[in-house]
Amino acid sequence: MKEINSKVASIEESIFSQMTSLANQHRAINLAQGFPNFEGPKFIRNALKEAVSKKAYGQYAPMPGISPLLQELKNHYRESYQLYYDEKSEITITNGATEAIMVSSLALLEPGDEVILFEPFYDSYPISAKLAGADIKVVTLREPDFKWNSQELRAAFSPKTKLVYFNNPNNPTGRVFTKEELNELLALAREFDAYILSDEVYEFLTYDNHHHIPIASLEGAKERTLTISSAGKTYGHTGLKVGWLAASPQITHACRMVHQFNVFSVNPMAQYAVAVGLQQNEKYIPQLRSTYEKKRDLLFNALKETPFTPIKPQGTYFILAKIPEAKISEGLNDLALCKQLITQSKVATIPPSAFYSKSQEGALFLRFCFAKDDATLEEAAKNLKSFF
Ligand code: PMP
Ligand code: GLN
């Protein structure tokens, strides 16, 4: 038989699926894959039930998305960030942020183009770029503050740079980037005429005095930015798989043409539930942030009582914690320790070296998800303490 596509042949099962199946196999607490283990808001499930009873929502949705959702998203960007997106020509509903990332990559990139990734990166970025045929340049966000080095960033740009993949708030570091940082990135993108793919799926999950600023809301950014977000994290149901992509009419058109022949359109019942969800934001989002901030503190304080050194996240629902020196000197890297914790402590985490391709720094950390009920977090903490 002839070979399958060589770019596809090297792709492995995602680290999230791998760790979730190991967790299930060993009946371990799953602090690995990012999803909540507690009930999400009732208004989402009620809206899903309501949508099932609407005849029109049993048929194909319009290719760009259903108009109640497009309208709510337009309102959200305008009211939350003074960012103006036209719902007819600038917003497209996708099958989760994952589809938006792939669609953007296929719509913009071709062989010979270069892209910039910040590592640790979300795992779908390098694959999407690679499938589109682009060459990848990597800039490392270094611990403990996970800021980029300005010289390293500038050096990654070239006249061939077409797209920068940027995730803010950042999974897995928990960074929420400042306006100064966003302006620095934007200035380089403008100088080298590059697009910015801004993955903002954790836009509402920010803590303390950290607030999310979409890079597209900065002056001169919108025309070259693809703003991507998703309902999964915000509305506690990652299975919804409703995401979106907001960009100029020219970029939107190109992305829609790929989306059209990828999935054509997204489940209208799920889209309707998200439209209803967005209407609740004023009341719901402050509750969401305070719930998760307490969970962050619970897990952060519990990890501090173990030999791990956790880094307090400013956003997302993940904590990176440094592996104790003693374990590193025993020759254990992140993956080896992760496997030991699953089998011996019944706690599953993510080994972050899966999010690095240049630096070895990922091997020094584990990623813990705190989107779990308090009893689960407490039990996990107890197990971790008794491991050492
Ligand atoms: N980007 C980041 C940074 C993520 O953590 C995730 C996981 N939710 C996604 C994209 C994918 O989002 P979705 O589930 O909506 O496809
Ligand atoms: N975004 C989730 C995480 O970081 C995983 C999503 C997935 O499994 N595709 O854990």
Side-chain angles (χ1 to χ4, degrees), residues 11-24 30-37 40 44 65 69 73 92-105 117-129 141 146 165-177 197-206 212 214-215 226-246 259 262-263 266-267 270-271 273-274 277 292 313 315-320 338 348-356 362 365-372:
I11 303 175
E12 291 172 8
E13 186 185 19
S14 94
I15 195 71
F16 309 115
S17 308
Q18 285 184 46
M19 290 305 138
T20 287
S21 40
L22 267 186
N24 293 342
N30 190 351
L31 304 190
Q33 196 174 26
F35 64 90
N37 74 337
I44 292 291
L69 179 55
L73 284 170
T92 306
I93 309 304
T94 57
N95 200 322
T98 311
E99 197 228 339
I101 293 160
M102 183 63 81
V103 156
S104 309
S105 307
L117 299 189
F118 291 96
E119 68 177 7
F121 41 70
Y122 187 58
D123 64 346
S124 83
Y125 304 163
I127 303 292
S128 303
L141 302 172
F146 296 106
Y165 291 81
F166 183 55
N167 175 213
N168 180 34
N170 188 266
N171 171 14
T173 67
R175 270 308 309 282
V176 177
F177 292 92
L197 181 159
S198 186
D199 174 350
E200 306 179 359
V201 301
Y202 301 98
E203 64 184 298
F204 298 108
L205 292 177
T206 59
H212 173 63
I215 194 163
L226 297 89
T227 302
I228 289 173
S229 194
S230 158
K233 320 283 155 174
T234 305
Y235 300 110
H237 291 84
T238 55
L240 282 170
K241 291 301 291 183
V242 172
W244 52 89
L245 193 167
H259 167 74
N262 181 26
V263 297
V266 175
N267 181 335
Q271 292 193 54
V274 176
Y292 275 106
T316 76
Y317 49 45
F318 304 109
I319 296 181
L320 276 184
C338 179
T349 58
I350 293 286
S353 48
F355 308 140
Y356 287 79
F365 290 90
L366 289 181
R367 190 196 79 171
F368 296 79
C369 172
F370 57 84
K372 308 294 158 185

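The structure presented is a predicted model; accordingly, all values stated were derived computationally and were not measured. Order of listing sets the numbers, starting from 1, for every ligand and every atom in it.
- Residue F318 has no N or O atom closer than 3.5 Å to an N or O atom of ligand 2.
- For the pair R175 and F177, the distance from NZ or CZ to the six-membered ring centre is under 6.0 Å and the angle to the ring normal is within 45 degrees.
- Using a 4.0 Å cutoff on heavy atoms, E99 does not count as a contact of ligand 1.
- Using a 4.5 Å heavy-atom threshold, the side chains of M102 and T94 count as separate.
- Residue contacts with ligand 2, taken as heavy atom pairs separated by less than 4.0 Å, do not involve I350 at all.
- At a 3.5 angstrom cut-off on N or O pairs, G96 does not count as close to ligand 1.
- Distances shorter than 4.0 angstrom do not occur between any heavy atom of T238 and any atom of ligand 1.
- Applying the 4.0 Å criterion to heavy atoms of Q33 picks out, from ligand 2, the atoms 7 (C), 8 (O), 10 (O).
- With rounding to the nearest 0.5 Å, the separation of CD1 in I15 from OG in S353 is 7.0 Å.
- The residue from Y317, Y202, Y122 that puts a heavy atom closest to atom 9 (C) of ligand 1 is Y122.
- Shortest contact from atom 12 (O) of ligand 1 to any protein heavy atom: A97 CB, 3.5 Å.
- Using a 4.0 Å cut-off between heavy atoms, T98 contacts ligand 1 through both its backbone and its side chain.
- Both cation-pi conditions hold for K372 and F35: the charged atom is under 6.0 angstrom from the six-membered ring centre and inside a 45 degree cone around its axis.
- Heavy-atom proximity to N167, at under 4.0 Å, picks out these atoms of ligand 1: 3 (C).
- In this structure, the separation between OG on S14 and CD1 on I350 is 7.5 Å, given to the nearest 0.5 Å.
- For atom 7 (C) of ligand 1, the choice among Q33, M102, K233, E200 with the nearest heavy atom turns out to be K233.
- Close N/O approach between Y125 and ligand 1 is not found [any backbone or side-chain N/O within under 3.5 Å].
- Atom OH of Y292 and atom OG1 of T316 lie 10.5 Å apart (nearest 0.5 Å).
- To the nearest 0.5 Å, atoms CG (L245) and CG (L73) are separated by 11.5 Å.
- You'll find the side chain of P172 reaches within 4.5 Å of the side chain of P120, heavy atoms only.
- In terms of polar-atom proximity, defined here as any N/O pair under 3.5 Å, R367 does make such a contact with ligand 2.
- Taking CG of N168 as the start and OG1 of T206 as the end, the distance is 10.0 Å to the nearest 0.5 Å.
- Going from atom CG of D199 over to atom OG of S229 covers 7.5 Å, rounded to the nearest 0.5 Å.
- Residue-environment remark: CD (E12) stays at or below the threshold of 12 foreign heavy atoms within 6.0 Å.
- Using a 4.5 Å heavy-atom threshold, the side chains of V103 and T92 count as separate.
- The nearest heavy-atom contact from the protein to atom 15 (O) of ligand 1 is S230 OG, 2.6 Å.
- Look at Y122 and you'll find a heavy atom under 4.0 Å from some atom of ligand 2.
- Listed by number with element, the atoms of ligand 1 under 4.0 Å from a non-hydrogen atom of K241 are 13 (P), 14 (O), 16 (O).
- Of all atoms in ligand 2, numbered sequentially from 1 with element shown, those under 4.0 Å from a heavy atom of F16 are 3 (C), 4 (O), 5 (C), 7 (C), 8 (O), 10 (O).
- Atom 1 (N) of ligand 1 has D199 OD2, 2.5 Å as its closest protein atom, hydrogens excluded (heavy atom only).
- For ligand 2, the atoms sitting less than 4.0 Å from at least one non-hydrogen atom of K233 are 1 (N), 2 (C), numbered in the order shown with element in parentheses.
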